[in-house]
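Report on one structure; see the data block that follows.
Values in this document were obtained by computation on a predicted structure and should not be read as measured data. In listed order, ligands and their atoms are each counted from 1. All heavy atoms count here, side chains included; hydrogens, waters and symmetry mates do not. The first residue in the sequence is number 1, and the count goes up from there.
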Amino acid sequence: MNRTITVLGATGSIGASTLDLIRRNPAQWQVDTLTAHSSAKELAKLAREFAVELAVVGDENALPALKEALEGSGIEVAGGPQALCDAARRPVDMTVAAIVGCAGLAPTMAAVERGGTIALANKEALVSAGEVMTGAVAKHGATILPTDSEHNAIFQCLAGGKIEDVARITLTASGGPFRTSGAAAINAATPKQAVAHPNWSMGAKISVDSATMMNKGLEYIEAHHLFPVGLDRLRIVVHPQSVIHSMVEYRDRSTLAQLGPSDMRVPIASCLAYPNRMETPLEPLDLASIGELTFEAPNEELFPATRIAREAIEAGGAAPAILNAANEVAVEAFLAGQIGFSRITAVAQATLERYDAPSPSNLEDVLAIDSEARIRSAEALESAPLV
Ligand code: NDP
Ligand code: MG
């Protein structure tokens, strides 16, 4: 069976893992479209390898380089944010949403509005849009397959169960590279230290999010939308080995967990093959050599991000979109060496305190809140001490 697939964010970490699986199963897939932001050369290379129909760069300035690199290939090219949405609207069997940040929201919504099946890695899109996205999924009969490892684990643990029988969902967190560091070391953390995740190899932005624990905060909001059991039934537990990817406890006190290697090809494979299974090149899980699985409560004194995220989703409305935008701006400033590590969550908190907006009721509202929150958080960056 040959299925068509589009990968939004093909040149990133999730894009690479997805294409690795497709490369190993060439007879199963026909790649329709691949997109990137500005990595024109890398995109062109992949486009030629997978003989795609269309290659798109979100950054229009990168279009001439893409055109040149694909000259004579017969592959159609396009550039700009609108072209990403047009690409996502093309009919395919599956869309992998793997753009980083709220930049992925409009293309993901385009795939949703087409009623497509979307493997969703781009958590920031769902965090920002919330009910605007879940409402559109229901309205257009789209299917979201959760690709984020925790949400994919929960999705698997819910198979055959009923959401009304769920007593508790536990999201596991590795705790990131600074789990055992003290406040002084955390304050002094450099971008290089922050992106060096102990268990997972990921893009720079999510690696910093894992270090601040904002990744788990965003995932808490993501879980609330994907699995509507109520906020009081969602918990976070730190599990440094990243072997259990999340758990579902039912009301009879039976808990189901999903285990696996910390490699995103496992949850991606579960989405690509859903509802069937496919092989991955990974080693079997060797529990005897792992030895022990440990758990601890999150330390919200040192890592306030999960508390800030919980407050944002409790507040609802525009707050999660504001939080996400402020975090994106702050992470970028941190990676550029403009602010210290601890300022990332401080900027997110300050922006939430300074900016309020009515609840978004459509995509345009969400994008307007996102833009305004970016301006306000840039102000928070400038006015707050850059420690
Ligand atoms: P990367 O930074 O590795 O890749 C991001 C991809 O998005 C690249 O293809 C990049 O293109 C493209 N991109 C970046 N900015 C824009 C933009 N403004 N417009 C269009 N395209 C853009 O990210 P990851 O693969 O790590 O993460 C992707 C998403 O998946 C994120 O939302 C992340 O939270 C989520 N996720 C990632 C996991 C992981 O293990 N990496 C695990 C779970 C979730 P270019 O190369 O040209 O910059
Ligand atoms: Mg995750």
Side-chain angles (χ1 to χ4, degrees), residues 6-20 33-47 55-63 65-66 78-85 87-88 96-108 118-128 146-155 171-174 176 195 197 199-210 213-223 226 236 239 242 245-246 258 260-268 271 324 327-328 331-332 335 370 374:
T6 282
V7 183
L8 305 170
T11 49
S13 164
I14 293 287
S17 294
T18 305
L19 292 173
D20 179 75
T33 302
L34 294 178
T35 83
H37 181 54
S38 55
S39 307
K41 273 200 181 139
E42 292 84 342
L43 179 64
K45 194 162 171 258
L46 293 169
V56 184
V57 277
D59 176 3
E60 231 153 343
N61 297 324
L63 184 55
L66 182 66
Q82 193 49 50
L84 288 175
C85 294
V96 178
I99 291 174
V100 61
C102 194
L105 173 57
T108 301
I118 298 133
L120 183 76
N122 181 203
K123 67 192 85 185
E124 298 93 341
L126 179 55
V127 167
S128 301
T147 309
D148 207 348
S149 59
E150 296 76 4
H151 306 75
N152 186 266
I154 296 162
F155 186 70
L171 288 163
T172 53
S174 70
V195 298
H197 196 278
N199 304 343
W200 299 91
S201 155
M202 310 180 284
K205 193 263 176 181
I206 183 176
S207 297
V208 176
D209 285 346
S210 297
M213 293 285 285
M214 187 59 86
N215 182 48
K216 214 47 57 180
L218 299 177
E219 290 183 354
Y220 183 85
I221 300 174
E222 182 186 13
L226 290 173
I236 296 169
H239 165 46
S242 298
H245 298 300
S246 279
Q258 186 262 348
S262 33
D263 187 308
M264 285 305 292
R265 287 175 293 182
V266 177
I268 294 169
C271 294
N324 178 68
N327 181 58
E328 285 191 33
V331 169
E332 218 167 277
L335 285 171
D370 176 76
R374 280 165 200 272

Check Glu219 with Lys216, please: is the shortest side-chain N to carboxylate O separation under 4.0 Å?
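So Lys216 pairs with Glu219 through a salt bridge.
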
I want to know if ligand 1 touches [X] in the polar sense, i.e. an N/O pair below 3.5 angstrom.
X      : answer
Gly203 : yes
Ser38  : yes
Ile206 : no
Leu84  : no

For ligand 1, which atoms have a heavy atom of [X] less than 4.0 angstrom away?
X      : result
Ala103 : 17 (C), 18 (N), 19 (N)
Thr11  : 8 (C), 9 (O), 10 (C), 11 (O), 45 (P), 46 (O), 47 (O)
Glu124 : 31 (C), 32 (O), 34 (O)
Ala10  : 9 (O)

Under 3.5 Å side-chain donor-acceptor pair for Ser242 and Asn199
yes

Closest heavy-atom approach to atom 45 (P) of ligand 1 among Ser13, Ala62, Ser39 is made by Ser39

Starting from the C-alpha separation in whole Å, work towards a yes-or-no answer on side chain to side chain contact (heavy atoms under 4.5 Å, CB included) for Asn152 and Cys271.
CA-CA 8 Å; Asn152 186 266; Cys271 294; 3.7 Å; yes

side-chain hydrogen bond (donor to acceptor under 3.5 Å, both in side chains) between Lys123 and Asn215, intermediate numbers included
CA-CA 9 Å; Lys123 67 192 85 185; Asn215 182 48; 2.6 Å; yes

Can you check the angle at the Mg ion (ligand 2) formed by OE2 of Glu219 and OD1 of Asp148? Round it to the nearest 10°.
100°

For Lys123, which part has a heavy atom under 4.0 Å from ligand 1: side chain, backbone, both, or neither?
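The part of Lys123 near ligand 1 is both the backbone and the side chain.
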
Could you see which bit of Ala98 sits under 4.0 Å from ligand 1, with heavy atoms only: side chain, backbone, both or neither?
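The answer is the backbone.
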
